[in-house]
There are 2 protein chains.
Amino acid sequence: MPEGTPRGDFETGLTTDDQLDLRTWLRLLTCANMIEGEVRAKLRTAFDITIARFDLLAQLDRADPTDRGLTMGELSRRLMVTNGNVTALIDRLVGEKLVVRRADPDDRRAQIIELTPNGRRAFAKMSQAHASWITGLFDGVDRKNLEALYRNLAELKTSLKADSDMEGH
Amino acid sequence: MPEGTPRGDFETGLTTDDQLDLRTWLRLLTCANMIEGEVRAKLRTAFDITIARFDLLAQLDRADPTDRGLTMGELSRRLMVTNGNVTALIDRLVGEKLVVRRADPDDRRAQIIELTPNGRRAFAKMSQAHASWITGLFDGVDRKNLEALYRNLAELKTSLKADSDMEGH
DNA sequence: TATTGTTATACTCTATAACTATA
DNA sequence: TATAGTTATAGAGTATAACAATA
């Protein structure tokens, strides 16, 4: 057998390359879960907010400020969550006076969601705290490794995106 | 200002290094969510099982076969899920005849959970399908990048673990 | 007293489908 | 007909606390 050829695993039929895929994924998942668990707990105790609502606020905050907010459909696409779920999240955020629904002057079916001034201030605080928690968690990680990780994840992400883009075709 | 010194971001007070932490985390999360979403949907349609139950079966399958299964508490720790939740997962898996509860001869408070022969066979199929889905998703990723990713995640993981281990002290 | 596991409860997220108002 | 959003519902994950049996 030529050197470098992936050798099969007799028990599972997996090649060593398949195992690299799988192990990388499991490791990625473990890291993501550990960090997400921390962040979830801290967001809840510090601000009584969930990750889903935090992410929604982040999308609104990030949206082009010269733009007029985002529609429900836009939020649904960006958060990769179904329409009905966005409605529930927005209901909650409206109740907390962090966002408002406005009628779209151009399309009477559509609603435009905007951060209230209060919501923008609140999110700024959350966002800063969030960043500092992450900094704390990544404290011990070698900067060179982290930069490499950042670059390598970019390729994984675009590769995954290419996959999902092909699904409909 | 000396070269290489992280420069502050006047608007947020974040240094460029903080931003690397944050951006790496967001990228990591996006990748994990994209893959996890795929896997969740496929596990459900192919085997009518959730990721939580799949992970639980994986822990039992992975446990030293010369060992006698795992206790509820062991599962709770390994899955990083609370005790009550493990009970519910096991209830469901027992109902599907994939695992059994056995009394611990050494500790009458404890239960030992084991895969049934049927459960072991079923998990083998799921596991193979899972591996092939991951291989498919990682198909377009350069092998060198993937190896680098695998190594870099190792350091992140141990660094995170060190953090969480310190919490109790 | 501490630990193992169960039960009960509340909240949230996710997914689907039926429905309305409008385009 | 198709699209934007809402409503209703079911299933699942997560967290907490009270509890019984046992160590």
Side-chain angles (χ1 to χ4, degrees), chain A residues 29 32-57 68-96 99-113, chain B residues 29 32-34 36-45 47-57 68-96 99-113:
Chain A
L29 183 62
N33 283 343
M34 289 175 83
I35 300 171
E36 195 169 11
E38 285 285 314
V39 169
R40 176 174 37 231
K42 294 195 182 212
L43 277 178
R44 188 163 49 83
T45 60
F47 301 108
D48 191 27
I49 200 166
T50 62
I51 287 185
R53 297 205 300 274
F54 177 76
D55 286 347
L56 200 159
L57 293 177
R68 347 144 287 173
L70 296 174
T71 62
M72 299 294 283
E74 253 309 293
L75 283 168
S76 170
R77 275 186 291 282
R78 296 196 187 191
L79 296 168
M80 296 187 280
V81 165
T82 58
N83 236 322
N85 295 326
V86 174
T87 297
L89 293 173
I90 292 294
D91 283 349
R92 175 73 182 252
L93 291 170
V94 167
E96 287 166 351
V99 309
V100 286
R101 286 184 166 95
R102 276 202 310 118
D104 184 334
D106 301 334
D107 182 342
R108 290 168 59 200
R109 293 171 307 179
Q111 304 255 15
I112 296 175
I113 312 300
Chain B
L29 183 62
N33 283 343
M34 289 174 83
E36 195 169 10
E38 285 285 315
V39 169
R40 175 173 36 228
K42 294 196 183 211
L43 276 178
R44 189 163 49 83
T45 60
F47 301 108
D48 192 27
I49 201 167
T50 62
I51 286 184
R53 297 205 300 274
F54 177 77
D55 286 348
L56 199 159
L57 293 177
R68 348 144 287 173
L70 296 173
T71 63
M72 299 294 284
E74 253 308 293
L75 283 168
S76 169
R77 276 187 291 282
R78 295 196 188 191
L79 296 168
M80 295 187 280
V81 165
T82 59
N83 236 323
N85 295 327
V86 174
T87 297
L89 293 174
I90 291 293
D91 283 349
R92 174 75 183 250
L93 290 170
V94 167
E96 288 166 351
V99 309
V100 286
R101 286 184 166 95
R102 275 201 312 118
D104 185 335
D106 301 335
D107 183 342
R108 290 168 58 200
R109 293 171 307 180
Q111 305 256 13
I112 295 174
I113 311 301

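Throughout, a chain's letter reflects where its sequence line sits, starting with A, and its residues are numbered from 1.
- The distance from atom CD of A:Glu36 to atom P of C:dT12 is 17 Å, rounded to the nearest whole Å.
- B:Asn83 places its CG atom 14 Å from the P atom of D:dT14, with the value rounded to the nearest Å.
- For A:Arg78 and D:dA4, the CZ to C1' distance is 17 Å, given to the nearest whole Å.
- The side chain of B:Thr50 contributes an N or O atom lying less than 4.0 Å from OP1 or OP2 of D:dG13.
- Close to C:dA2, at under 4.0 Å from its OP1 or OP2, lies no side-chain N or O of B:Arg109.
- Atom NZ in B:Lys42 sits 13.0 Å away from atom CD1 in B:Ile51 (nearest 0.5 Å).
- Between D:dT6 and A:Arg101, a contact under 4.0 Å exists linking OP1 or OP2 to a side-chain N or O.
- Rounded to whole angstrom, the span from the CD1 atom of B:Ile90 across to the P atom of C:dG5 amounts to 11 Å.
- Across all non-hydrogen atoms, the minimal contact from A:Ile90 to A:Leu75 is CD1-CD1, 4.1 Å.
- In plain terms, the two heavy atoms of A:Asp48 and A:Arg53 that are nearest each other are O-NH2, 3.3 Å.
- In terms of position along DNA chain C, the nucleotide closest to B:Met72 lies nearer the 5' end than the nucleotide closest to the other residue of the pair B:Gly37 and B:Met72.
- Taking 4.0 angstrom as the limit, A:Arg44 places none of its side-chain polar atoms (N or O) nearer than this to OP1 or OP2 of C:dC11.
- With DNA chain C read from its 5' end, the first of the two nearest nucleotides for A:Arg53 and A:Asp106 is the one closest to A:Arg53.
- Protein atom CD1 of B:Ile51 is 12 Å distant from nucleotide atom C1' of C:dT14, rounded to whole Å.
- Side-chain atoms of B:Asn85 lie closest to D:dT14 of the nucleotides C:dC13, D:dT7, D:dT14.
- Across all their heavy atoms, A:Ser76 and A:Asn83 have their closest contact at OG-N, 3.7 Å.
- If you check C:dG5, D:dT6, D:dT22 against the side chain of B:Ala110, the one that comes closest is C:dG5.
- Using a 4.0 Å heavy-atom cutoff across all strands shown, A:Thr71 reaches sugar-phosphate atoms only and no base atom.
- Following rounding to the nearest Å, B:Ile49 (CD1) and D:dA12 (C1') show an atom-to-atom distance of 13 Å.
- With hydrogens and angles ignored, no donor-acceptor pair closer than 3.5 Å exists between the side chain of B:Arg108 and the base of D:dT22.
- Taking only side-chain atoms of A:Gln111, from C-beta outward, the nucleotide of C:dT6, D:dG5, C:dT14 with the closest atom is D:dG5.
- B:Leu89 comes within contact range of the sugar-phosphate backbone alone, with a heavy-atom separation under 4.0 Å but no base atom that close.
- For A:Arg40 and B:Asp107, each mapped to the nucleotide of DNA chain D holding its nearest heavy atom, the one lying further toward the 5' end belongs to A:Arg40.
- Of the candidates C:dG5, D:dT16, C:dT6, the closest approach to any side-chain atom of B:Thr82 belongs to D:dT16.
- Using a 4.0 Å heavy-atom distance criterion, B:Gly73 is classed as a sugar-phosphate-only contact.
- Under the 4.0 Å criterion applied to side-chain N and carboxylate O atoms, B:Asp91 and B:Arg101 are assigned as salt-bridge partners.
- What separates CG of B:Asp91 from C1' of C:dA8 is a distance of 13 Å, to the nearest Å.
- If you measure from atom CG of B:Leu79 to atom C1' of D:dT14, you get 13 Å, rounded to the nearest angstrom.
- Note that CD1 of A:Ile113 is 10.5 Å distant from CG of A:Asp104, once rounded to the nearest 0.5 Å.
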